[in-house]
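Fair warning: this is a prediction, and the values are worked out from it, not measured in the lab.
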Amino acid sequence: MRTVDLATVISKSGRRAGPADATKVYSVTKHAGFVPSLGYFKKQVFSRDTSGYLRVTAGDFAYATIHLDEGSIGIAPEDALISPMYTVFRADPALVDSNYLIRFLKSPQALKAYERLGQGAVHRRKSISLASLGTLPLPLPPLDEQRRIAAILDQADENLGKQREAIGLLDGLVDSTFQSVIMSSDGPVVTIGDLALSSQYGTAQRAGAAGAFPILRMGNITDAGRIDVRDLKYIDLETNAVDRYTVRRGDLLFNRTNSLEKVGKAAVARSAEQFAFAGYLVRVRFPDAATAEYVSAYLRTPAGLALRRGSAKAAVNQANINAKEFLRFSIPAPTSYGMQQLERVLQHVELERSKHLAALADLETLFASLQARAFRGEL
């Protein structure tokens, strides 16, 4: 397989939008590529004056100039506007298949190469110009072979998507079951503070790449009420601060500061691993894990979401709910029946989820192997 510089198969594209250009605005994301900005972010995150934006044509590539090392690149599905923070180029269809090219540009091989192409001193903020990107070596088999490779990787990626979708459906089962229990309940109302034993703000200590304790930050708490440990930083804690700033199984972590849509999201620690937690989180400890799960699930119901948003105090680009306000939240008192139902579904979901996670890990390993072989000419 021959190798060429990327610059031999691409050319600069995109032009400045005019003042009367009302084309739909897109963003380019790490996982989904091009997405309609309003639909993806559920609010307007782009400037109201788009006259300085870039107009892209269907089929153009665009990448986040300072986030390419994270995989923020995609192909425009239609004519659109994007922020000038992106760099736009077009592939020569006589030389390279677009599906093959995007697969390569998002491959581990390319992501690793971006580290040396970036210019700038700030970590994860290095700019990659189109000229610099053009020096990237591109494995370039004949077009028919490119299409065959892209089709194989597309199929493998589709299988990954199905596994992730199945995991998402399992998480939804918990919420739908809980919602039916709440809707059928006509019991008394209590505050979260009535149920809790204690609350504690997280540490303001700066985290880094090394330390004795992995630390959970607001991004590690998912909207589905889970703790995602795929992107962790670390800190050291003084001996007398370990109990104060770490979580144990059954603790609830509440996100006190975030956007209005995400503030108040919460998750229960289900692992025995000892995590520290950062200052944008509040640890709430209950008499048992079942009560913590009940509160976490309630916060994801429509009533819980309304409670969170109605209590949030707006600030610049964020909203806040402090620990005292959170403990004053009024919720339906948990019943024995409701707790039993929730516990039964959680046990079933965790069992099935572990199976799907194992299958997902196997597929991710296979996909990584296919990518490596594909761009070495061994597929």
Between R256 and E325, is a salt bridge (Lys or Arg N to Asp or Glu O under 4.0 Å) present by the stated rule, with each step listed? CA-CA 10 Å; R256 68 182 180 89; E325 291 166 328; over 6 Å; no

Show the numbers, then the answer: is there a side chain to side chain donor-acceptor pair (under 3.5 Å) between Y245 and Q200? CA-CA 8 Å; Y245 294 131; Q200 172 65 49; 4.6 Å; no

Please lay out, stage by stage, how L357 and I167 fare under the test side chain to side chain contact (heavy atoms under 4.5 Å, CB included). CA-CA 8 Å; L357 285 173; I167 292 170; 3.6 Å; yes

What verdict does the side chain to side chain contact (heavy atoms under 4.5 Å, CB included) test give for I73 and K30, after you've listed the backbone C-alpha separation in whole Å, the side-chain angles of each residue and the deciding distance to 0.1 Å? CA-CA 7 Å; I73 186 170; K30 175 180 177 180; over 6 Å; no

Should F61 and I102 be marked as a side chain to side chain contact (heavy atoms under 4.5 Å, CB included) after you check the CA-CA gap, both sets of side-chain angles, and the distance that decides it? CA-CA 8 Å; F61 287 69; I102 194 67; 4.0 Å; yes

Side chain to side chain donor-acceptor pair (under 3.5 Å) for T87 and T65? Distances and angles first, verdict last. CA-CA 6 Å; T87 299; T65 313; 2.8 Å; yes

Check the pair L140, V96 against side chain to side chain contact (heavy atoms under 4.5 Å, CB included), reporting the backbone distance first and the verdict last. CA-CA 8 Å; L140 196 67; V96 65; 4.1 Å; yes

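In this structure, the separation between CZ on R308 and CG on N255 is 8.5 Å, given to the nearest 0.5 Å. Taking CD1 of I215 as the start and NZ of K233 as the end, the distance is 10.0 Å to the nearest 0.5 Å. Considering CZ of F213 and CD of E273, their distance stands at 11.0 Å, rounded to 0.5 Å. Atoms CG and CD1, from L327 and I321 in turn, are 11.5 Å apart once rounded to the nearest 0.5 Å. In this structure, OG in S98 is found 9.5 Å from CG in D60, a value given to the nearest 0.5 Å. Note that CZ of R283 is 5.5 Å distant from OG of S198, once rounded to the nearest 0.5 Å.
Listed by first then second residue, pairs satisfying salt bridge (charged side-chain N to carboxylate O under 4.0 Å, His left out) with a partner in residues 364-379 read R164-E364, R376-E378, not counting sequence neighbours. Among pairs with a residue in residues 146-155, those fulfilling side chain to side chain donor-acceptor pair (under 3.5 Å) read R103-D154, D144-R147, E145-R148, Q155-N159, at least two apart in sequence or across chains.
With hydrogens and angles ignored, the 3.5 Å screen pairs a side-chain donor or acceptor of T246 with a backbone N or O of V242. D236 places a side-chain N or O within donor-acceptor distance of the main-chain N or O of A212, the cut-off being under 3.5 Å. Checking side-chain atoms of S176 against main-chain N and O of L173 turns up a donor-acceptor pair under 3.5 Å. At distances below 3.5 Å, not a single donor-acceptor pair connects side-chain atoms of D5 with backbone N or O atoms of A7.
Connection of L105 to L153 is established within a shared hydrophobic cluster, with ILVMFWY side chains joined at heavy-atom distances below 4.5 Å, either directly or through further cluster members. Each of Y26 and I75 belongs to its own hydrophobic cluster when Ile, Leu, Val, Met, Phe, Trp and Tyr are linked at side-chain heavy-atom distances under 4.5 angstrom. In the hydrophobic clustering of this structure, L281 does not group with V295; members are Ile, Leu, Val, Met, Phe, Trp, Tyr whose side-chain heavy atoms approach within less than 4.5 Å, directly or through other members. Residue V9 is grouped with residue Y114 when hydrophobic side chains (ILVMFWY) are merged at heavy-atom distances under 4.5 angstrom, including chains of intermediate members. The cluster map of Ile, Leu, Val, Met, Phe, Trp and Tyr, joined by side-chain heavy atoms under 4.5 Å apart, puts I227 and V263 in different clusters.
Partners of L170 under the side-chain contact (heavy atoms from CB on, under 4.5 Å) rule, at least two apart in sequence or in another chain, are V349, E352, R353, H356. Legend: residues meeting side-chain contact (heavy atoms from CB on, under 4.5 Å) with T291, ordered by chain and number and at least two apart, are L195, F286, D288, M339. In this view, Y100 and F375 satisfy the ring pair (Phe, Tyr, Trp, His ring centres under 6.0 Å) rule, not counting sequence neighbours. Residues forming a ring pair (Phe, Tyr, Trp, His ring centres under 6.0 Å) with F329 (at least two apart in sequence, or on another chain): F326.
Taking 4.5 Å as the limit, some side-chain heavy atom of P108 sits within range of a side-chain heavy atom of Q371. Using a 4.5 Å cut-off on side-chain heavy atoms (C-beta onward), L299 and K265 make no contact. In this structure, the side chains of I331 and V190 come closer than 4.5 Å at one or more pairs of heavy atoms. For the pair D223/R300, no side-chain contact is recorded, criterion being any heavy-atom separation below 4.5 Å from C-beta on. In this structure the side chain of V247 reaches within 4.5 angstrom of the side chain of L253, judged on heavy atoms. Using a 4.5 Å heavy-atom threshold, the side chains of I149 and F104 count as separate. Side-chain contact between D69 and L111 is absent, with no heavy atoms from C-beta onward closer than 4.5 Å. The shortest side-chain heavy-atom distance between T203 and F277 does not fall under the 4.5 Å cut-off.
Closest approach of Y53 to V25, counting heavy atoms only: CE2-CG1, 4.2 Å. What you find for I235 and A276 is that their closest heavy atoms are CD1-CB, 3.9 Å. Closest of all the heavy-atom pairs between S27 and S37 is OG-OG, 3.2 Å. The shortest non-hydrogen separation linking V282 to A323 is CG1-CB, 4.1 Å. A pairwise comparison of heavy atoms in A303 and Y298 identifies CB-OH, 3.4 Å as the closest pair. When all heavy atoms are compared, the tightest approach of P137 to P139 is O-CD, 3.8 Å.
Donor-acceptor pairing under 3.5 Å is recorded for the side chains of T257 and N320. Neither side chain, S330 nor T191, offers a donor N or O lying under 3.5 Å from an acceptor on the other.
For the pair R309 and E261, the salt-bridge criterion is not met [side-chain N within less than 4.0 Å of a carboxylate O]. Between R344 and E350 there is no salt bridge, since no side-chain N of the basic residue sits under 4.0 Å from a carboxylate O of the acidic one.
The side-chain contact (heavy atoms from CB on, under 4.5 Å) with V56 is formed by just one residue from the set V28, D79, V88; it is V88.
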